[in-house]
Amino acid sequence: QMQLVESGGGLVQAGGSLRLSCAASGRTFGSYAMGWFRQAPGKEREFVAAINWSGASTYYADFVKGRFTISRDNAKNMMYLQMNGLRPEDTVVYYCNAVEINYGLGSPLGSWGQGTQVTVSS
């Protein structure tokens, strides 16, 4: 199964920016739609954004529209999440995964990694 490693999280001031990266192992990365998810302590994991196999189509949860941008580089087996205008409530762990996209929502297909922590200070 494709292995994924998230990175790029850290501490940022409210209103600041971060770019998360998802590095994939294997030779079939370009065959999968991919997505980002996040989970706060005591809460369910929630969908953030998804991108189809080619990068031509993107989908976003309402709470990140206009602030976050998902992208991918299949030649490098990489996916990214550019996060602008960060808010304290964005302080959660972010995860990536292969997804199935239906009605603008990405559903995870693989196992979860350890994620990357984003902390937004006020």
Side-chain angles (χ1 to χ4, degrees):
Q1 199 170 31
M2 182 168 56
Q3 297 180 6
L4 304 168
V5 179
E6 302 94 339
S7 63
L11 176 64
V12 65
Q13 297 281 343
S17 299
L18 285 172
R19 188 177 77 157
L20 306 185
S21 297
C22 176
S25 299
R27 302 175 66 178
T28 60
F29 174 76
S31 298
Y32 292 91
M34 299 291 296
W36 287 98
F37 301 80
R38 70 186 194 182
Q39 186 173 27
K43 300 290 186 179
E44 292 289 317
R45 204 182 307 257
E46 63 182 348
F47 169 74
V48 176
I51 187 166
N52 82 326
W53 67 270
S54 70
S57 300
T58 58
Y59 310 87
Y60 298 94
D62 287 343
F63 60 85
V64 303
K65 287 181 179 177
R67 298 193 298 131
F68 293 4
T69 303
I70 189 171
S71 62
R72 68 190 298 163
D73 186 341
N74 288 347
K76 297 181 179 179
N77 278 17
M78 295 288 291
M79 181 180 65
Y80 308 97
L81 186 68
Q82 178 66 47
M83 305 186 296
N84 300 324
L86 284 164
R87 306 164 180 168
E89 292 196 7
D90 296 322
T91 299
V92 294
V93 178
Y94 287 75
Y95 304 85
C96 64
N97 211 327
V99 300
E100 180 179 9
I101 300 173
N102 290 289
Y103 306 107
L105 176 67
S107 300
L109 295 176
S111 59
W112 298 105
Q114 293 187 330
T116 185
Q117 174 73 54
V118 169
T119 302
V120 184
S121 64
S122 60

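Small disclaimer: the values here were computed from a predicted structure and weren't measured. Because only heavy atoms are used, hydrogens play no part in the values below, and waters and symmetry mates are left out as well, while side chains stay in. Start at 1 with the first residue, then count along the sequence.
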Requested in this report: Kindly indicate, with the supporting measurements, whether the criterion side-chain contact (heavy atoms from CB on, under 4.5 Å) is fulfilled by R38 and E46.
Outcome: CA-CA 5 Å; R38 70 186 194 182; E46 63 182 348; 3.0 Å; yes

Smallest separation among heavy atoms of [X] and [Y], with atom names:
X    : Y    : answer
G8   : T116 : N-OG1, 3.9 Å
A14  : S122 : CB-CA, 4.4 Å
G106 : F47  : N-CE1, 3.4 Å

Requested in this report: Indicate if L105 and V99 have the same hydrophobic cluster label, given that clusters are the connected sets of ILVMFWY residues with side-chain heavy-atom separations under 4.5 angstrom.
Outcome: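 Linked within one cluster.
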
Query raised in the report: Are F63 and V92 grouped together when hydrophobic residues (ILVMFWY) are joined by side-chain heavy atoms under 4.5 angstrom apart?
Result: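 As far as the 4.5 Å side-chain criterion goes, V92 and F63 are connected within one cluster.
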
Under the 3.5 angstrom rule, does the side chain of [X] hit a backbone N or O of [Y] as a donor-acceptor pair?
X   : Y    : result
R72 : G55  : no
T91 : V120 : yes
N74 : W53  : yes
Y60 : I70  : yes

From [X] [atom1] over to [Y] [atom2], what is the distance, rounded to the nearest 0.5 angstrom?
X    : Y   : atom1 : atom2 : result
I101 : M34 : CD1   : CE    : 10.5 Å
R67  : S17 : CZ    : OG    : 10.5 Å
M83  : W36 : CE    : CH2   : 8.0 Å
M78  : C22 : CE    : SG    : 7.5 Å

Query raised in the report: Is the Lys NZ or Arg CZ of R19 less than 6.0 Å from the centre of Y80's six-membered ring, within 45° of the axis?
Result: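 Yes, R19 sits over the ring of Y80.
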
Requested in this report: Would you mind checking if D62 and K65 are paired as a salt bridge, meaning a charged N to carboxylate O distance below 4.0 Å?
Outcome: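 Yes, K65 and D62 are salt-bridged.
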
Report task. Can you establish whether the number of heavy atoms outside Q82 located under 6.0 Å from its atom CD is more than 12? Result ->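 Check passes, neighbour count above 12.
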
Query raised in the report: Just wondering, more than 12 heavy atoms not from Y59 lying within 6.0 Å of its OH?
Result: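 More than 12 heavy atoms, drawn from other residues, nucleotides or ligands, come within 6.0 Å of this atom.
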
Query raised in the report: Between L20 and E6, is a side-chain contact (heavy atoms from CB on, under 4.5 Å) present by the stated rule, with each step listed?
Result: CA-CA 7 Å; L20 306 185; E6 302 94 339; over 6 Å; no

Report task. For the pair N97 and Y95, evaluate side-chain contact (heavy atoms from CB on, under 4.5 Å) and give the outcome as yes or no after the intermediate values. Result -> CA-CA 7 Å; N97 211 327; Y95 304 85; over 6 Å; no

Query raised in the report: Of T69, V48, V64, which meets side-chain contact (heavy atoms from CB on, under 4.5 Å) against L81?
Result: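 Answer after filtering T69, V48, V64: V48.
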
**Report entry** Residue that, paired with F68, satisfies side-chain contact (heavy atoms from CB on, under 4.5 Å) out of D90, N84, L18
**Finding:**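 Only one option passes, and that is D90.
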
Requested in this report: Please list, chain by chain and in numerical order, all residues satisfying side chain to side chain contact (heavy atoms under 4.5 Å, CB included) with A24, sequence neighbours excluded.
Outcome: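 A24: side chain to side chain contact (heavy atoms under 4.5 Å, CB included) contacts with M2, L4, F29, N77.
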
Query - Partner set under salt bridge (charged side-chain N to carboxylate O under 4.0 Å, His left out) for K43, not counting sequence neighbours - result: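 With neighbours one apart ignored, the set is empty.
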
Report task. Check the pair F37, W112 against ring-ring contact (aromatic ring centres under 6.0 Å, His included), reporting the backbone distance first and the verdict last. Result -> CA-CA 10 Å; F37 301 80; W112 298 105; 5.1 Å; yes

Query raised in the report: Hey, are the side chains of N102 and S107 touching, using non-hydrogen atoms and a 4.5 Å cut-off?
Result: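 Contact flag for N102/S107 side chains = no.
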
